[in-house]
Amino acid sequence: VQEKRARFEAQVMPHLDAAYRFARWLCRSSTESDDIVQEAFLRAFRGFDSFRGGDVKAWLLTIVRNCHATALQQQHRRATVPLPQEDHEEALRSAEPGASPDPESASAAEDERRTLDRLIAALPEEHREVLLLREMEDMSYREIAAVTQVPIGTVMSRLARARAALRGKWLEEAAGEPHAMR
Amino acid sequence: MQCAEALRVQAYFDGEVDAVSALEIERHAERCPECRALLEHLAATRARIRGELEFAAAPPQLRAAITRVLDEEVRGASRQRVPRVPLRPRPFWLGALGGVGAALAAGLALFLIIPALSEPVLNDLVSAHARSLMPEHLTDVVSTDRHTVKPWFAGHADVSPVVVDFADRGYRLVGGRADYFDQQRVAVVVYQHGPHIINVFTWVAGRRALPEFATRSGYHIACWKLGNLQYCAVSDTGWDELQGLVRLLRTSGEIDTPHRPGME
């Protein structure tokens with residue numbers, strides 16, 4: 001068991017940051033995403049013996065995604081009393097260490113990052129996840145297809161649509177504020 | 001209104017096509033203004049996402065919590081700590097490309113190749129980086145003085161890399177090391193940034209182009225060329241921190257162009 005633990009540490013733990021980023025984009029709330037990542041690592045550890053090689057990161061992110069889906073289903077099932085509908089995006093921002101209340105540090109770069117955050121957050125989920133896996137996690141089409149459980153052709157068309165949508169919104173914003181475009 | 005080649009152009013941009021298709025697509029883009037614009041748009045979008053979006057690292061508390069959960073799991077005592085969630089059976093992973101997907105994938109396989117050509121070098125870099133993190137493997141010459149580290153490479157590597165201590169900017173020079181891959185004695189300059197080690201590899205550039213950014217096994221890799229030398233920085237730091245060192249190295253490399261051509 002200790003040997004399994006050591007192998008897990010060496011092969012899976014390096015992908016914690018990726019799992020965390022992905023979960024945060026899926027949930028849009030940091031407390032929830034922490035729970036999901038934790039649950040995903042436990043599941044990954046339990047299933048590690050049956051992992052037959054291949055890309056560890058794609059395998060791990062698949063589990064993160066499934067944990068998120070399961071958590072969502074349970075929430076829906078439990079929601080006989082509707083939960084207070086909080087503004088997730090706001091919650092995420094205030095939880096970020098970067099969003100400190102120091103108004104002087106609210107630089108232009110920070111503003112741009114927020115704009116981009118918002119544009120990406122506004123994409124439909126199935127487009128957003130494909131885009132992030134490709135651009136942030138640098139995963140291949142085949143790996144993304146495995147994580148999102150759709151054919152490669154679907155990955156390609158979703159990726160194209162996500163990029164086009166982002167471009168469109170980005171141009172719209174630029175039309176509003178002349179300096180936003182680079 | 002979009003060119004019928006748009007998805008192939010995108011696959012080319014994402015490094016998912018073989019050399020023959022790449023050539024075809026490049027020729028097509030020369031003639032097709034729409035696809036040329038698409039390529040520009042793809043590059044601009046990527047630059048903006050990679051440059052501006054936060055590559056957040058997992059908070060230490062989360063890392064600690066996971067370690068705790070796994071420790072308990074190993075001891076078989078995790079039952080009350082972790083909420084039971086019914087587990088889906090596992091074939092989702094292998095079945096992901098099933099059915100309709102397989103047919104489509106087969107069609108696409110005509111021009112998709114996996115892995116890309118630059119893959120072996122990237123894998124070598126990551127292996128070398130991981131190896132260096134094992135005890136006693138990090139440095140062959142330990143010094144924070146560039147005038148000690150730089151001459152050391154003359155006898156131990158085929159190139160003389162840029163060596164500068166950026167301690168005042170948060171990147172402390174730790175030492176140097178020689179590695180062997182791509183049929184060369186590669187010079188490695190080791191920096192420390194906070195708790196992270198950054199290995200900067202330098203060797204005589206081959207004809208194979210390396211991607212400017214890549215992530216393999218959780219490590220970020222940034223590659224650039226200066227003269228006839230290929231530089232690659234590898235680390236588990238965030239993108240921004242890695243880019244910070246790359247910028248410093250590029251600037252100082254351009255100022256004193258200190259390298260001599262590799263000895264064949």
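In what follows, chains are A, B, ... by sequence order, proteins preceding strands, each numbered from 1.
- The environment of R169(B) atom CZ is sparse: at most 12 non-hydrogen atoms of other residues, nucleotides or ligands sit within 6.0 angstrom.
- You'll find the side chain of W170(A) stays beyond 4.5 Å of the side chain of H41(B), heavy atoms only.
- Residues E72(B) and L42(A) have side chains not in contact (no heavy-atom distance under 4.5 Å, counting atoms from C-beta outward).
- Interface residue R163(A): backbone and side-chain heavy atoms are both found under 4.5 Å from chain B.
- Comparing L42(B), T45(B), L53(B) by heavy-atom pairs within less than 4.5 Å of chain A, the highest count is held by L53(B).
- Looking at every heavy atom in both residues, Q38(A) comes nearest to V69(B) through NE2-CG2, 3.2 Å.
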Go through it in stages, so that I can follow the logic: the residues are M156(A) and E16(B), the test is side-chain contact (heavy atoms from CB on, under 4.5 Å), and I'd like the CA-CA distance, side-chain angles, deciding distance and then a yes or no. CA-CA 11 Å; M156(A) 292 170 73; E16(B) 298 264 356; over 6 Å; no

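- When atom types are taken as modelled, the side chain of E135(A) and the backbone of I49(B) share no donor-acceptor pair closer than 3.5 angstrom.
- Residues from residues 6-14 of chain A that place a non-hydrogen atom less than 4.5 Å from a non-hydrogen atom of chain B comprise F8(A), M13(A), P14(A), given in numerical order.
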| When you look at K57(A) and T215(B), which way does the side-chain contact (heavy atoms from CB on, under 4.5 Å) test go after all the steps? | CA-CA 11 Å; K57(A) 184 160 149 185; T215(B) 305; 3.7 Å; yes

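- At least one donor-acceptor pair under 3.5 Å links the side chain of R134(A) to the backbone N or O of D14(B).
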For this session: Would you sort out whether Y20(A) and L62(B) count as a side-chain contact (heavy atoms from CB on, under 4.5 Å), showing the intermediate values?
Result: CA-CA 9 Å; Y20(A) 170 74; L62(B) 177 59; 3.6 Å; yes

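- Heavy atoms of A160(A) lying under 4.5 Å from chain B belong to its backbone as well as its side chain.
- Between the CZ atom in R167(A) and the CD atom in E40(B) there is a gap of 8.5 Å [rounded to 0.5 Å].
- Of the inter-residue distances, the one linking L70(B) atom CG with F45(A) atom CZ reads 6.0 Å to the nearest 0.5 angstrom.
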What verdict does the side-chain contact (heavy atoms from CB on, under 4.5 Å) test give for R63(B) and D17(A), after you've listed the backbone C-alpha separation in whole Å, the side-chain angles of each residue and the deciding distance to 0.1 Å?
CA-CA 9 Å; R63(B) 194 176 286 271; D17(A) 288 344; 3.6 Å; yes

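- For the pair D71(B)/R5(A), a side-chain contact is recorded, criterion being any heavy-atom separation below 4.5 Å from C-beta on.
- Looking at R46(B), the atoms closer than 4.5 Å to chain A (heavy atoms on both sides) sit in the backbone and in the side chain alike.
- In this structure, the portions of L159(A) lying under 4.5 Å from any heavy atom of chain B include both its backbone and its side chain.
- Shown here for R50(B) and D138(A), the closest heavy-atom pair between the two residues is NH2-OD1, 3.4 Å.
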